[in-house]
Each structure stands twice: as C-alpha cells, then as structure tokens.
Amino acid sequence: MSEEEHKKGRNFIEAIVEKDISENNNDGRVHTRFPPEPNGYLHIGHAKSICLNFGLTEKYGGKTNLRFDDTNPTKEEMEYIESIKEDVSWLGFDWEDREYYASDYFEQLYQWAELLIKEGKAYVDDQSVEEIAATRGTPTRPGKISPYRERSIEENLDLFRRMKAGEFENGARVLRAKIDMASPNMHLRDPIMYRILHAYHQRTKNEWCIYPMYDYAHGQSDYIETITHSICTLEFEVHRPLYDWFLDQIATGDYRPKQIEFARLNLSYTVMSKRRLMELVKEGYVDGWDDPRMPTISGLRRRGFTPESIRNFSEKVGVAKRDNVIDVALLEHSVREDLNKKAQRVMGVLDPLKIVIENYPHDVTEELETINNPEDESMGYRKIPFSREIYIDRNDFMEDPPRKFFRLSPGKEVRLKSAYIIKCEDIVKDHQGNITELKCSYDPETKSGASQSNRKVKGTLHWVSAPHAINAEVRLYDRLFNDEDPAGYKDHDFKEFFNEKSLNILKECKLEPSLKDAIPEDRFQFQRIGYFCVDRYSTSEKLIFNRTVTLRDTWAKISQKK
RNA sequence: UGCCCGAUGGUGUAAUUGGCAACACGUCUGAUUCUGGAUCAGAAGAGUCCAGGUUCGAACCCUGGUCGGGCAACCA
C-alpha cells in the first residue's frame, strides 16, 4: 500500500494515532494492549480487536501487550488463559515477552489507593450493596451522599488497611473514590475502587482479600505498562472521564494513555457475547467452545478457517463508532478467497451413487493424472485411480431433469473430471423404485489430456473409484441460528432461534485414496462441493471432515428459483 | 424525562478534512472454463435521517428535531 492510499483508507483510530505521532504526544510512541478477561473463550469479535491492536503497532512501529484483566477471581479460570494465548498466537500475533496480568499490579494499585485516601480523595464506605445501589440515584436524579463520606483520613486509612488484612466479611465495606454524587455521569458518583472478596485467586493465591474494580485497575494498568492508545468498545465511552480522573490522581509527568472506543463486531445469524456462548456450551446446544458452529476463534479454527482469512476479514469490516451487523457472507467470502489459492483439490463423494461402466474392462485400474490446484501450478500433480465401478454424488443425476440441468441423466453424456466422458445407458432400481445403480458406457477416445479429448460436453462431475475409495464421516454445518439477530428480541430467548439443522452428519462418504493420510487441520477443496478440514478429533481409523464453507453455487440459485 | 455516542446503496466502510459520493461483500448480465468454482468484462442499486441556516459550493460547519445505541453490578 502506498503512502497515498494509506491516508485515503485510514479509519478514525489510525487518524488519531497519526495525529499523535505528528504532534509527538507521548514522545510519538504507539503502544497498545489486548486486555481480555480470562472468563471465556475468544470469539471473532475479539479477533477484530486483536487485529486492530496488533495491526496498529505493526503499521506504525510500536508494541502490543497481552494483558489478562484478572481482577475478579470468582469468574476467572486458568483454562481460559491458555486458550486465549493459543488463539492470539494462532492468529499470527506475537506479544513477545510482554505477557502481563492486572494481578501483577495489585501491590502498586493498593499503594496508589492509600495515596488517594491520604489526599482525601477516597473513603471507606460501610453501607451495604443495597444501600449503595439505592443511594446512587438514577440517571435523572442525583445520588445521596454516604454518611461515611466525611470520615477522617486516619480512620479511612485504618479501615482500608484492616480490609486488606482480612478483618471484615465479604461486602462489609468498600473503598470509594470521592468524586461527585450529583454528576450526570453515573460512573462519577463515588465509584467503588475496592471490594472485599475472600476468594482464591489463580495467580495471587490467598495473598489478597480485597480486589480492585475494573475502572480503577484498567487505566492504572495502562499507565504502568506505558500504553499510549487504550482501545476498547463503545460501552466504555461513559467510563472515559473516570479513566482520566484516576490517571490524573497518580500521573507525575506529561505521559497519559488515551482511551479510544470503537463499535464491537456483530455477525448475522449468530450471537457474540461470552455469556450467551457459555449458555450454548453449558446447555449442550453445541459440542463445546470449539464446536465448528461457534463464532469462537477455536471454533472457526476447527471449522477450517485460516488465520489469514480471519485477519483479512477483520480488515474488511472496518473500524467505526456506529453499531453494525456484518453479513456472515463476508466472513465466508474471506475464507473462500484464501482457500481458493491454497487448498488442494480432491475428489469426495458425499452421497454415493454407484456407476458401472459396462464397456470398461474388469480388473483394470488406470492411474490418471490430475492437477492439485489449478490456481497454483507449483502445487503439482497427483495420480488418482480409475476403474469399472465408480461413485458419483446422487444429486448429480436426475431421471427427469429440468432444461438447465447440465449433469447426468438418461441417455446424456457428462465428463468425469480428469477421466473420460460417460453416457448413462440404464437405471437400476430396487422394489421401492429407489435408484440403486447406473449403467453407463465410456468413450475411450476422450481421456483427459489425450489428443482427441477435446469433445465438449455440458457438465463435468467429480467421482471416486469404488474399489479404491476410502470411507469417511463428513459433517456439514449450517448457520447456528435461523434468525439474523437471535439476541435482538426482548420477548424471546435467543435459543428459541437455534437452528436444529445446523449440523448434518454424513457417515457413508467416499473419498479418493490419497486422503487416507490426512491429519487434523489439513484443508482441502472437495471439487465442486466446498472446502473441508480434517477435524481435530479425526483419526486414521475414523476420518472426519468438517465442511468449512460451500463453493459458490450458481446451480443452487438457478434451481431454487425453480 | 439526565448524560454520552451514532445516523452515507441490501450489508459494511470511505470521501484528499467545505469541491462531481468511492471501495468491498452481496445481487444481476455476458465471456470463459474438464470444478455451475476461479477468472475477466459489465450493470443495477444511495444523492448522504428530517427541517432550517452559513457558503459560490455542505455527507462534512451551525441550530432545532427524529430515530437507534449506551450508562443506575461490591462484572469487565
């Protein structure tokens, strides 16, 4: 991308960063952070944020920290930390040695809290949760001042130290910043800085029984890490004055991190909150956080998405402040675009229909040559066996076809990809009238690559040689929900829109023999069908393929229009 | 009846910061094709939420509305 194009296409955050650099704010540094709370798996929305934060520092020459926002020991687990790290690196980003935890700063945070008390800017409140909630006021009415607000500095200090020492029960007292109970911004009405939580923390163990709240911990953590641009989602916009207030209390020089908010990603036909995804997992709607239908990074990975496709997608969706719903078609386009260039083409028959080529000799196997990827000659060629009995997909045959059907039907000819032209001579049915087999003839002059092979026929089919085919299970996935915005109804639970047909397992699929050594996460294009990925739990005894996405299907559109 | 955001083709994002509304996805044509894929060529689709104002000129600035979102967890 040229300098000129840069300027044209830049989003509002890049514009801010460029301005800060040109004005030499914070010495012209760019330092961002990705700050997940380890209480769930990362999803495609986080991927956008990861790409944004790491992308910015790649572009402008800076650093990005990975920081776990682990200030609530009752909700957070080690399992999530591991999955988050794996997802970020899988996407292709490197936080180098900067793996940080908000809990690493507990001591510093505590010291700053004492400082605030000493300056008369924080106080210990003995009110109960209910009382604090009740006296906070409403958006239109100011709150009531706490009876404990004017305690002496000495008493506050003493009580806060005793809170830390574990002398009080959960919920008995909190430390509050003394700001303004009448502020029109609810977050400035003496926000809670510390609460008492006698809970075991994954990292600090039993060292603490008071834990800082997000608003107090986050900005100060940014400050400690010398973050310059603290990017978060829109719902934190009203927190910004508080973010700045806390910083102003402890900052000593000119350096200040700047909070910038952008609109979170929404995807059509799915849900995008950890809470809802957790529900799907816990209530068994899906297999787990990495179910291929989930919009989680691990789910997309298992489904067969590439890191590149997700990064390209993140680039394409843009960054702005207005609410948005991205068409899932854009995500699908991103994988197709990437896999089209990379995925080896193979033959796979999902719903086998046997064909006997009656004029082809018994006991003969030809090794036919076929290109691995017509988009990339360097991927080479391979051999596929051909014989008298083959399988084609059942929906590639119609006994009574409509006019635009270019596939096999009685008396009609069709090309077998990389093989011969065959003609349907006869149909074999069982007693119920189901088609069980097709009798065909082949034209030996039409072998692919042969000099007289140029005869044109309307259609080309994929196929596999019956005696050489290997068996596999193929899982077809569809959108998780039937509604574009399942979480968008006040009077309906999002799970009411769960798509019962979102998973279709096919157990009798026949694949070309070269696939027998495929290992988990190998990706292929099953010619004319779609892109498929070996499931992470696939074994050589039981091969399992997940359909990542179908190919664009013009015929499906034509036939749907009837 | 408070405060803070936002509003540009079906969807998303741009518009050299006041100068002919562009790009991508999607849709539709056609060409091509041993994948009804890919590729190539082309088309339709918004006059920028509304009403005023400033200006030679407004998507952009001002005023007033309308609509949408967020904020009242000892969550993040």
Side-chain angles (χ1 to χ4, degrees), chain A residues 4 7-11 15 35-37 39 69 71-72 74-76 125 128-129 132-134 136-143 170-176 183-189 192-197 210-211 213-215 217-218 232-241 261 263 268 274 315-334 336-337 340-341 345 347 370-371 374-375 404-407 415-419 421 446 448-449 453-454 456-462 525-530 550-559:
Chain A
E4 208 54 32
K7 293 236 156 173
K8 285 238 162 189
R10 78 222 215 283
N11 63 52
E37 183 189 12
N39 67 344
D69 222 334
T71 56
N72 186 353
T74 64
K75 288 189 178 173
E76 295 149 7
D125 195 339
S128 66
V129 197
I132 290 177
R136 199 187 312 278
T138 68
T140 54
R141 242 184 296 240
N170 284 358
R173 290 174 224 266
V174 292
L175 181 72
R176 290 231 248 176
S183 172
N185 183 336
M186 300 289 295
H187 298 279
L188 260 20
R189 320 244 262 229
I192 292 169
M193 295 172 63
Y194 273 93
R195 77 284 213 187
I196 299 170
L197 236 40
I210 56 171
Y211 291 92
M213 300 288 290
Y214 167 86
D215 284 304
H218 201 92
C232 61
T233 45
L234 247 32
E235 67 269 27
F236 292 103
E237 205 157 20
V238 281
H239 294 239
R240 193 179 346 128
E261 312 86 12
S268 60
K274 281 194 255 186
E315 189 63 38
K316 280 183 237 229
V317 297
V319 180
K321 293 188 75 165
R322 76 185 82 134
D323 293 335
N324 61 80
V325 181
I326 306 295
D327 193 337
V328 69
L330 186 61
L331 217 210
E332 292 174 348
H333 167 262
S334 302
R336 287 195 188 103
E337 185 181 46
N340 176 51
K341 291 178 295 189
R345 272 58 170 172
M347 304 271 215
T370 188
I371 189 164
E375 299 292 317
K404 282 185 154 177
F405 189 77
F406 299 157
R407 307 175 184 186
R415 163 134 241 141
L416 293 178
K417 174 78 184 170
S418 302
I421 290 175
T446 58
S448 285
S453 67
N454 295 331
K456 297 273 188 260
V457 283
K458 275 186 204 161
T460 301
L461 304 188
H462 61 278
Q525 184 198 93
F526 286 9
Q527 225 141 186
R528 300 208 310 132
I529 304 176
T550 61
L551 251 32
R552 280 189 65 216
D553 192 347
T554 311
W555 167 244
K557 273 178 206 158
I558 295 170
S559 55

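A note on names: the letters A, B, ... follow the listed sequences, proteins ahead of strands, and every chain is numbered from 1.
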Take atom C1' in B:C4 and the same atom in B:A43, then report the distance between them in whole Å. 44 Å
Given B:U11, is OP1 or OP2 found less than 4.0 Å from the side-chain N or O atoms of A:S268? no
At under 4.0 Å between heavy atoms, what does A:Q525 touch on the DNA or RNA strands: base, sugar-phosphate, or nothing? base
Base of B:U17 relative to its sugar, syn (within 90° of 0) or anti? syn
Identity of whatever pairs with B:G37 - Watson-Crick or G-U, under 3.5 angstrom: none
So, under a plain 3.5 Å distance rule, would you say the side chain of A:E375 forms a donor-acceptor pair with the base of B:G37? yes
Specify the closest pair of heavy atoms between A:E261 and A:R240, including all atoms of both residues, with the distance to one decimal. OE2-NE, 2.7 Å
Report the nucleotide, chosen from B:G36, B:A24, B:U35, that has the shortest atom-to-atom distance to any side-chain atom of A:K417. B:U35
Does B:G68 have its OP1 or OP2 closer than 4.0 Å to a side-chain nitrogen or oxygen of A:R322? no
Span that lies between the C1' atom of B:G26 and that of B:U63, in whole angstrom: 39 Å
Pairwise distance CZ(A:R336) to OG1(A:T550) - rounded to 0.5 angstrom: 4.5 Å
Is the distance from OP1 or OP2 of B:U35 to the nearest side-chain N or O of A:H462 less than 4.0 Å? no
Whole-Å P distance, B:A7 and B:U48: 15 Å
Using the C1' atom in both, what is the distance from B:G19 to B:G37, to the nearest Å? 44 Å
Which base, if any, makes a Watson-Crick or G-U wobble pair with B:A58, both distances under 3.5 Å? none
Sugar-phosphate atoms are those with a prime plus P, OP1 and OP2; base atoms are the rest. Using that split, label each nucleotide of nucleotides 71-76 of chain B B, S or - for protein heavy atoms under 4.0 Å, 5' to 3'. SB-BSB
Do the side-chain N or O atoms of A:K321 get closer than 4.0 angstrom to the phosphate oxygens (OP1, OP2) of B:C4? no
Tell me: NZ of A:K341 to P of B:G37, nearest whole Å? 19 Å
Between B:U35, B:A7, B:G36, which nucleotide has the shortest distance from any of its atoms to the side chain of A:D553? B:G36
Counting side-chain heavy atoms from C-beta on, which of B:G6, B:U11, B:G36 comes nearest to A:D327? B:U11
Report which part of the nucleic acid A:V319 touches: base, sugar-phosphate, or nothing (heavy-atom distance under 4.0 Å, all strands). sugar-phosphate
Can you tell me how far CD1 of A:I421 sits from CG of A:L461, rounded to the nearest 0.5 angstrom? 11.5 Å
Base of B:G36, side chain of A:R407 - is there a donor-acceptor contact under 3.5 Å? yes
Complementary nucleotide of B:U17, counting Watson-Crick and G-U pairs under 3.5 Å: none
In whole Å, measure the gap between the C1' atoms of B:A22 and B:A59 for me. 13 Å
So does A:R10 reach the base of B:U16 with its side chain, donor to acceptor, closer than 3.5 Å? no
Could you tell me how far B:A14 sits from B:G70 if I compare only their C1' atoms? Round to whole Å. 26 Å
Counting only Watson-Crick or G-U wobble pairs whose two distances fall under 3.5 Å, which nucleotide matches B:C71? B:G2
Please find the pair of heavy atoms, one from A:R345 and one from A:N340, that lie closest to each other, and give the distance. NH2-OD1, 2.7 Å
Give the ring-plane orientation class for A:W555 versus A:F405, where under 30° counts as parallel, over 60° as perpendicular and anything between as tilted. perpendicular
If we call it a pair only when both distances are under 3.5 Å in a Watson-Crick or G-U wobble match, what pairs with B:A7? B:U66
With RNA chain B as reference, determine whether A:G459 or A:L330 sits nearer its 5' end, using the nearest nucleotide of each. A:L330
Please report the distance, rounded to the nearest Å, between CD in A:E315 and P in B:A14. 11 Å
For the side chain of A:K557, counting heavy atoms from C-beta on, which of B:G26, B:U27, B:A14 is nearest? B:U27
Would you classify A:F405 as touching base, sugar-phosphate or nothing, given that sugar-phosphate means primed atoms plus P, OP1 and OP2, and contacts are heavy atoms under 4.0 Å? base
On a heavy-atom basis, the closest approach of A:S268 and A:V328 is OG-N, 3.0 Å
Base, sugar-phosphate, or nothing for A:P374, non-hydrogen atoms under 4.0 angstrom? base
B:G12: pairing nucleotide in any strand, Watson-Crick or G-U under 3.5 angstrom: B:C23
Mind checking A:R189 for me? I need base, sugar-phosphate or nothing, with any heavy atom below 4.0 Å counting as a touch. nothing
Below 4.0 angstrom, N of the basic side chain to O of the carboxylate: do A:E237 and A:K321 qualify? yes
Identify whether any heavy atom of A:E237 sits under 4.0 Å from a base atom; if not, whether one sits that close to sugar-phosphate; answer base, sugar-phosphate or nothing. sugar-phosphate
Indicate the atoms forming the closest heavy-atom contact of A:T138 with A:R189, along with that distance. O-NH2, 2.6 Å
Scan every strand shown for a Watson-Crick or G-U wobble partner of B:U48, both distances under 3.5 Å, and answer none if you come up empty. none
For the residue pair A:M213 and A:V174, establish whether any side-chain heavy-atom pair is separated by less than 4.5 Å. no
dist A:Q527:CD -> A:T370:OG1 (nearest 0.5 Å) comes out at 6.0 Å
Write down the distance separating the C1' atoms in B:G45 and B:C40, rounded off to the nearest Å. 22 Å
Identify whether the glycosidic angle of B:G69 places it syn (within 90° of 0) or anti. anti
Work out how far the C1' atom of B:G36 is from that of B:C49, and round it to whole angstrom. 42 Å
Hey, is the side chain of A:R336 poking within less than 4.0 Å of OP1 or OP2 on B:A38, counting only N and O atoms? no
State, to 0.1 Å, how close A:H218 and A:D69 come at their nearest heavy-atom pair, and which atoms those are. ND1-OD2, 2.8 Å
Regarding A:K458, tell me which of base, sugar-phosphate or nothing describes its non-hydrogen contacts under 4.0 Å with the strands shown. nothing
At 4.0 Å (heavy atoms only), tell me whether A:T554 reaches a base, stays on the sugar-phosphate, or touches nothing. sugar-phosphate
